[in-house]
A.B. asks: 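One structure, as structure tokens, below. Some questions next.
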Amino acid sequence: MSTDATTGLIQADHEYILQTYVKPDFVLERGEGVYLFDTEGRRYLDFVAGIAVNALGYGDPEVTSAIAEQAARLIHVSNLYHTAPAGELARLLVEHSPGLDRVFFGNSGAEVIEGALKFARRYAREHYGEGKTAIVAFDGSFHGRTMGALAVTARDKYREPFMPVMPGARFATYNDLASVEAAMGDDVCAVILEPVQGEGGLRVADAAFLQGVRELCDRYHALLIFDEIQCGMGRTGTLWAHEPSGVRPDLMTLAKPLAGGLPIGAILLGQHVADAIHVGDHGTTFGGNPLATAVGSVVFKRINDPAFLSHVREVSSYLDESLQDLAADLPGQVRELRGRGLMRGVQLNVPAAPVREIAQQQGLLVATAGDDILRLVPPLITETGHIDEALTILRRALV
Ligand SMILES: *Cc1c(COP(=O)(O)O)cnc(C)c1O
């Protein structure tokens, strides 16, 4: 049931916006904490969080006042000039990322994936000449929708209508070191992977696998790129998802949660990679603008607080137990639990989209990953009571 006003808003979307997404028939208007409200006043518990973006939920006072203050002071001047906020956020990122010494800021996930691929090729050319351009990626990967990012994204449905994409990508099997060994060669300049896969199915890389990939990269003089655009920044209970493995990448990409919902991306590089990138090699108009980076520093400090991260770990284990109970009670519906921290997948024996619709009608927003996986990526400020509320609705939606 919707008023004429809501129907009008939906019609405008259908009439004027390019229809690349299928959206439900309500219009979101405001948010508060972990809840969203639509134009009809209905409330939704949000376990999508703008696709793992809104780590601090909605209406966070520190984030909103940082936006207001910085917007009044300075929004944008371009990278032709120095401003204070970008340097401050870069310092925070570098100081908490062992082995990574420099930052390049962009505006989105796909943009920083492009940049990371360019930097890897630049490094290889500088040190080994022209032939070292191949990139090894993985089945189940998702790195974005631009031509380079698509080339290393596994799903054919995303890539094939736009062929030819960037040449030189090849795919190995996630968590299968032998497949990586088979894909490696002297022509490989980089291996790119998500320590916890998002869109492609919420699989978690084994520590031994990451260590093995690191060794193969060293043997073939290839750079290791960790895409932490979705799994980074506290989502899995540690600042970086790769942290527990002890493996250090040569490059790392960040984006989704980094600026509290404002568009941002970042590439972190080891000094050895940075040394191969010269003035004029890469650029961006908006990247690192004072507004996004000032908010980024606020978000980073909040998430990197030990008490905040231990909260994430506590609610994560509560979510884990709750999902295990659900799986035990509904073995016919639930096939497998995946993911780590507050980045979880519930693989079903049935298509996930209809379950998502029912949950939505009952006031819970969840995403999907592929055809049969429900993806739960709530704000990191979620409490155990919210998890109870979500699981009650999910249970009802599944039976
Ligand atoms: C979302 C995502 C991207 C792409 O980010 P966009 O901002 O949508 O371009 C890349 N990698 C991972 C792991 C992602 O989750």
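Atoms within each ligand, like the ligands themselves, are counted from 1 in listed order.
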A.B. asks: Just which atoms of ligand 1 are under 4.0 Å from any heavy atom in Asp227?
C.D. replies: 10 (C), 11 (N), 12 (C), 13 (C)
A.B. asks: Would you call Asp275 and Arg122 a salt bridge, using N to O less than 4.0 angstrom?
C.D. replies: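 Answer for the salt bridge query: no.
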A.B. asks: Within the 3.5 Å criterion, strictly below it, is a donor on Arg42 or Gln361 matched to an acceptor on the partner's side chain?
C.D. replies: no
A.B. asks: Is any N or O atom of Phe142, backbone or side chain, closer than 3.5 Å to an N or O atom of ligand 1?
C.D. replies: yes
A.B. asks: Heavy-atom contact under 4.0 Å between His143 and ligand 1?
C.D. replies: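 True for this residue.
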A.B. asks: Less than 6.0 angstrom separating the ring centers of His96 and Phe300, yes or no?
C.D. replies: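 Judged by ring-centre distance (under 6.0 Å), His96 and Phe300 do meet the cut-off.
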A.B. asks: Can a protein heavy atom be found under 4.0 Å away from atom 9 (O) of ligand 1?
C.D. replies: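 Looking at atom 9 (O) of ligand 1, one finds that a protein heavy atom does lie closer than 4.0 Å.
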A.B. asks: Within a distance under 4.0 Å of any heavy atom of Gln230, pick out the atoms of ligand 1 and give their elements.
C.D. replies: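 So the answer, numbered in order with elements, is 15 (O).
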A.B. asks: With a sphere of 6.0 Å drawn around CZ of Arg395, does it hold more than 12 non-hydrogen atoms of other residues, nucleotides or ligands?
C.D. replies: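 Counting other residues, nucleotides and ligands, CZ of Arg395 exceeds 12 neighbours.
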A.B. asks: For atom 1 (C) of ligand 1, what's the nearest protein heavy-atom neighbour? Residue, atom name and distance, please.
C.D. replies: Lys256 NZ, 1.4 Å
A.B. asks: Arg73 and Gln70: side-chain donor and acceptor closer than 3.5 Å?
C.D. replies: yes
A.B. asks: Can you list the atoms of ligand 1 that are under 4.0 Å from a heavy atom of Glu194?
C.D. replies: 13 (C)
A.B. asks: I'd like to know if Arg43 and Glu32 make a salt bridge, using a cut-off of under 4.0 Å between side-chain N and carboxylate O.
C.D. replies: no
A.B. asks: Centres of the Phe138 and Phe209 rings: under 6.0 Å?
C.D. replies: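 Yes - the distance between ring centres of Phe138 and Phe209 falls below the 6.0 Å cut-off.
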A.B. asks: Could you tell me the residue and atom name of the protein heavy atom closest to atom 5 (O) of ligand 1, and the distance to it rounded to 0.1 Å?
C.D. replies: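 Looking only at protein heavy atoms, the one closest to atom 5 (O) of ligand 1 is Gly109 CA, 3.2 Å.
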A.B. asks: Between ligand 1 and Ala110, can you find any atom pair, the residue atom being a heavy atom, that is separated by under 4.0 Å?
C.D. replies: yes
